[in-house]
Number of protein chains: 2
Amino acid sequence: MQLLSMHGKDTMGLRERKKQATRRALQEAAVRLTLERGLEHVTVEEIAAEADVSPRTFFNYFATKEDALLGDVPAAPDEEVRRVFVEGGPTGGFVDDLITVLTASLISSEGLAAHREAMLLRKRLMEREPQLVPGMLGRFHNVEQELSRAIAERTGTSPEDERPQLVAATAMAVTRHTVKCLHLKEGESVADVRAVLRSAFRHVGEAYAPSDD
Amino acid sequence: MQLLSMHGKDTMGLRERKKQATRRALQEAAVRLTLERGLEHVTVEEIAAEADVSPRTFFNYFATKEDALLGDVPAAPDEEVRRVFVEGGPTGGFVDDLITVLTASLISSEGLAAHREAMLLRKRLMEREPQLVPGMLGRFHNVEQELSRAIAERTGTSPEDERPQLVAATAMAVTRHTVKCLHLKEGESVADVRAVLRSAFRHVGEAYAPSDD
DNA sequence: GAGAAATCTTGCATGGCATGCAATTATTGA
DNA sequence: TCAATAATTGCATGCCATGCAAGATTTCTC
């Protein structure tokens with residue numbers, strides 16, 4: 001994720017490049033073998049063999065087999081995006097700005113196209129191996145906590161006020177739902193994702209609004 | 001959970017009573033030892049020893065060590081409660097009826113007092129051992145899917161309409177938040193829990209409502 | 001109650017996950 | 001080129017989890 005933004009390929013020595021390659025090879029092998037045979041029928045030993053490293057080396061890159069499968073998304077939102085949000089930007093509208101943070105966390109800086117294939121694979125993984133779902137939920141939960149802090153800072157609530165946690169929890173629920181329902185078509189843009197999110201937030205607001213029902 | 005409601009103590013033979021006792025002993029031992037020493041420093045062997053059964057027997061009761069720790073809550077809502085909800089009851093107000101289903105899922109039929117201690121222990125477990133959080137989230141996720149189906153039935157939406165999923169996801173997020181923030185004081189009643197839930201739903205509605213902001 | 005049937009417990013063996021440690025190998029920088 | 005730094009590897013270990021078959025216990029039937 002930092003390979004293109006912060007480091008030019010030149011500033012990366014041979015050692016660093018090899019590490020990135022090994023990491024990607026391990027991830028790719030883990031996902032591919034799991035989709036082929038099912039999680040139970042893939043051993044760390046086999047994954048390592050596919051990536052041409054020793055089984056022991058696998059655990060220098062990933063703490064668990066699950067880690068190699070789930071990847072790095074969603075990640076904590078970009079530091080710059082977070083700062084802007086905390087200071088009340090970029091538009092001033094709470095939901096719109098929330099959506100900016102959420103898309104940044106989901107898609108990172110490289111754009112949707114770069115993640116499309118990875119997202120598709122992860123989706124198929126979840127369907128084929130439901131045992132992975134709790135781990136994925138845990139990752140969203142980590143982002144949720146980060147988001148909760150950002151919301152608290154932006155709104156200036158006192159630390160014991162638990163409403164930012166509530167808003168963060170529901171916002172991440174909306175995000176998970178949106179990711180699950182994304183069609184991931186070729187032409188889909190970030191703006192499309194934003195629109196789906198906006199519509200989902202509106203629907204939630206209507207469902208629980210005190211005025212209706 | 002069914003011991004008091006469906007089965008009188010008399011209808012349960014010796015075998016069944018022993019099984020329940022062993023199950024509870026294993027759960028109790030697992031939780032106590034984990035809170036004392038931390039999850040990494042408790043083996044299945046030790047848990048089984050505390051419950052006076054062989055290590056092998058542990059796995060006749062629980063598929064994993066985590067299973068013994070997390071227990072049975074939240075469970076899928078009671079069948080009767082679900083039926084009433086699907087048919088548009090008990091009050092006809094969506095949020096109120098949703099709250100009825102959610103509290104039924106959290107607290108089961110024995111009332112809050114019976115669960116108070118167990119909930120407290122589980123809360124301390126989550127704080128002490130964050131590795132357990134994904135597993136707990138997974139359990140909420142299972143209830144979420146059940147709830148999603150119930151909402152779809154109640155509202156009569158078509159199967160491909162994904163809004164029931166969205167509502168279920170956010171409702172469970174509200175529920176998780178509420179459980180986390182419950183004070184679990186001695187005098188707290190189910191009505192108090194309902195009130196906290198209602199207030200949380202209202203706040204979510206306001207945060208995402210199209211009218212405000 | 002005695003014996004047969006069903007069910008639960010246990011021991012044993014197995015395979016895979018994950019970690020620590022020390023030796024080896026590869027990259028970097030002077 | 002040589003020393004310093006960092007990554008890879010093999011080995012040993014402990015624990016989790018499962019399958020299987022033998023033994024013990026409860027239940028059912030007469």
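All values below come from the heavy atoms of this structure, side chains included, with hydrogens, waters and symmetry mates left out. Convention: sequence-line order gives letters A, B, ...; per-chain numbering from 1.
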Closest to the Y61(B) side chain, choosing from dT9(C), dT10(C), dC16(D): dT9(C)
Contact under 4.0 Å: T57(B) side-chain N or O vs dT9(C) OP1/OP2: no
CG/D67(B) to CZ/F59(B) distance, rounded to the nearest 0.5 angstrom? 10.5 Å
Would you mind reading off the distance between E16(B) atom CD and dT7(C) atom C1', rounded to a whole angstrom? 11 Å
Gap between atoms CZ and C1', on R15(A) and dT28(C) respectively (whole Å): 6 Å
Is it true that E188(A) and R116(A) have a side-chain N and a carboxylate O under 4.0 angstrom from each other? no
State whether E79(A) and R83(A) are salt-bridged, where the test is any N-O pair (Lys NZ or Arg NE/NH1/NH2 against Asp/Glu carboxylate O) under 4.0 Å. no
Please list, by residue number, the residues of residues 26-52 of chain A whose heavy atoms come closer than 4.0 Å to an atom of DNA chain C; answer none if no residue qualifies. V42(A), T43(A), V44(A)
Taking 4.0 Å as the cut-off, does a side-chain nitrogen or oxygen of K18(A) come that near to OP1 or OP2 on dT27(C)? yes
Using only side-chain N and O atoms of K19(A), determine if any of them is under 4.0 Å from OP1 or OP2 of dA7(D). yes
Going by distance alone, is a donor N or O of one side chain under 3.5 Å from an acceptor N or O of the other, for T170(B) and Y208(B)? no
Are K180(B) and E162(A) ion-paired here, with the side-chain N under 4.0 Å from a carboxylate O? no
Strictly below 4.0 Å, N to O, side chains only: are R149(B) and E153(B) in salt-bridge contact? no
